[in-house]
Protein chains: 2
Amino acid sequence: MTYAPTWKSPITSSDRVLFEIQRAIVEGEIPAGSKISEPELARRFAVSRAPLREALARLERCHLIERTPNAGARVVTLSLEGLLSLYQLREELEGLACRLAAEHMPQQEIEEMQALLNKHLQSQRVREGESYYQEAGDLDFHYRIILGSKNPYLINILCDELYFLVRMYRVQMGMNGPRVSRAFDEHKAILQAIANRDGELADLLMRRHIGASRRNIEIQLETKRNSHEPN
Amino acid sequence: MTYAPTWKSPITSSDRVLFEIQRAIVEGEIPAGSKISEPELARRFAVSRAPLREALARLERCHLIERTPNAGARVVTLSLEGLLSLYQLREELEGLACRLAAEHMPQQEIEEMQALLNKHLQSQRVREGESYYQEAGDLDFHYRIILGSKNPYLINILCDELYFLVRMYRVQMGMNGPRVSRAFDEHKAILQAIANRDGELADLLMRRHIGASRRNIEIQLETKRNSHEPN
DNA sequence: CGAACCCGTATTGTCGACAATCGAGCGTGA
DNA sequence: TCACGCTCGATTGTCGACAATACGGGTTCG
């Protein structure tokens, strides 16, 4: 069995269009909830509708658009409920990824990650509170652990299908709260557990790491419900 | 947010072709590992290559085929390693599904499932040891619990992307061993926990239920490794 | 004799046009 | 006035043909 592709460089023109639209949707350049017009996008990216439709199929696969037969496609609409569902999943899946990574991740990859964390730590010390860089670092950290699990289905789901949606939520709903500062320490602890081949602990720490964000969302949802329903 | 479609009846001809090929692959009529010829399949199902390619894209999505750019598609090859990866995932995801179902599943759906289980129980009492019927019943049971979780991403992953692959493994690798007889009781216990709104217990029982099969696979893998490597 | 190169063939990726279907707006009738 | 049906326009689904790329066999050179 071959591992998930996870990132082919844009070979075919369908790939190119896919990447462009992905970026545009994630960054909100194509607004969430807006309808997608095949002829318009085809003109915009200077391709025929055939590769465009191929790209749309893959966008649906990573949950960035929703298609209904004979009625076209829409960019997904973001909601706290959706974000909560997403984090419920991530908590389980990335916990599993940690357990498997502790088992299967090669020593070399672990050391590379440790070096990476140290590099990020330096950067953060320089500019305290800078969140965006941490964003990239955080996603990269999770990304590598998932790859370390060596479970092709898990890799595919998290890196190919959910990754961009997570990024979209982060960019457009600004999920970079006060947790940023704590993330470094938690990452360090998780990686240490993996280095010690302690899968159970790594699992637990990762669930906590993501679960903290999840509970944040649940609180927001609660307050939203409380402020809307009584009206 | 809309729930995953999970089963549109074949509206477009692309859908029709998709379902036909899905069935053919799952049942082994198109052998595992064989190369897929677009022109041939297009002729066989009397459609153009456009809807066929759409169908292939969706087949890739549910892991029944693997495509490499400019080189075509192949039916997946089954392996114990792949099956193990699949069950590792299922254990986590369906455990989560149980926990969420205990929280969100409407009383009515629960009662429907209880009725269904009783019906299956009668059927099984009549023909002890009959496995195939149990197969369908088992998949249906899991299916409904997943839907009960009301988590659209979870539903999509398990029911749309992994479901057919599980079926394919069951049909072609004959995963219907001695566990069949125990499944009924375990199903009953899981459903009871959900009915009691005891998510934690339902989670635990489901993990055990799937974990038993998973350990079975691990044992087979172990014996395979032991008999091959020394040579 | 082996390996690298080249070329023909088949397959995949892409295109433009046609057919089928859906949504919007208007007109008609109760 | 409101509801229903209809027509028109636009969009999506499908088709056949063309272009680009990868595989296989044969040849040639070291």
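Lettering follows sequence order; numbering is per chain, from 1.
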Rounding to a whole Å, what distance do you find between [X]:[atom1] and [N]:[atom2]?
X       : N      : atom1 : atom2 : answer
B:Glu60 : C:dG13 : CD    : P     : 11 Å
B:Arg53 : C:dC15 : CZ    : P     : 12 Å
B:Asp15 : D:dT12 : CG    : C1'   : 13 Å
A:Arg74 : C:dG23 : CZ    : P     : 11 Å
A:Arg16 : C:dT14 : CZ    : C1'   : 12 Å
B:Asn70 : D:dC23 : CG    : P     : 9 Å
A:Leu56 : D:dT12 : CG    : P     : 9 Å
B:Arg67 : D:dA22 : CZ    : P     : 16 Å

Using 30° and 60° as the class limits, which term best fits the ring planes of B:His187 and B:Phe141: parallel, tilted or perpendicular?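 Because their plane-to-plane angle is under 30°, the rings of B:His187 and B:Phe141 count as parallel.
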Taking the side chain from [X] and the backbone from [Y], do they hold a donor-acceptor pair closer than 3.5 Å?
X       : Y        : result
B:Ser85 : B:Glu81  : yes
B:Glu94 : B:Ile145 : no
A:Ser79 : A:Gly82  : yes

Among A:Leu93, A:Ile146, A:Asn151, which residue satisfies the side-chain contact (heavy atoms from CB on, under 4.5 Å) criterion with A:Ile157?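 Testing A:Ile157 for a side-chain contact (heavy atoms from CB on, under 4.5 Å) against A:Leu93, A:Ile146, A:Asn151 leaves exactly one candidate, A:Leu93.
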Nearest listed nucleotide, side chain of [X], among [options]:
X       : options                : result
B:Pro51 : D:dC15, C:dT21, C:dT12 : D:dC15
B:Glu38 : C:dC15, C:dG13, D:dG13 : C:dG13
B:Ser13 : D:dT14, C:dT12, D:dT12 : D:dT14

Between A:Arg99 and B:Gln88, is there a side-chain donor-acceptor contact under 3.5 Å, judged purely by atom types and distance?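 Absent: no donor and acceptor within the cut-off.
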Answer with base, sugar-phosphate or nothing: what part of the nucleic acid does B:Leu52 contact at a heavy-atom distance below 4.0 Å?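 Nothing, no heavy atom under 4.0 Å.
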C:dT12 phosphate, OP1 or OP2: any side-chain N/O from B:Lys35 under 4.0 angstrom?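 It does, given that an N or O in the side chain of B:Lys35 lies less than 4.0 Å from OP1 or OP2 of C:dT12.
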Contact under 4.0 Å: A:Thr12 side-chain N or O vs C:dT14 OP1/OP2: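 So the side chain of A:Thr12 is within the cut-off, an N or O lying under 4.0 Å from OP1 or OP2 of C:dT14.
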Trace of the salt bridge (charged side-chain N to carboxylate O under 4.0 Å, His left out) decision for A:Arg74 with A:Glu66: CA-CA 5 Å; A:Arg74 309 192 74 89; A:Glu66 290 171 349; over 6 Å; no
Residues within residues 39-49 of chain B bordering DNA chain C, heavy-atom distance below 4.0 Å: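 Those residues whose heavy atoms fall under 4.0 Å from DNA chain C, taken from residues 39-49 of chain B in numerical order, are B:Pro39, B:Arg49.
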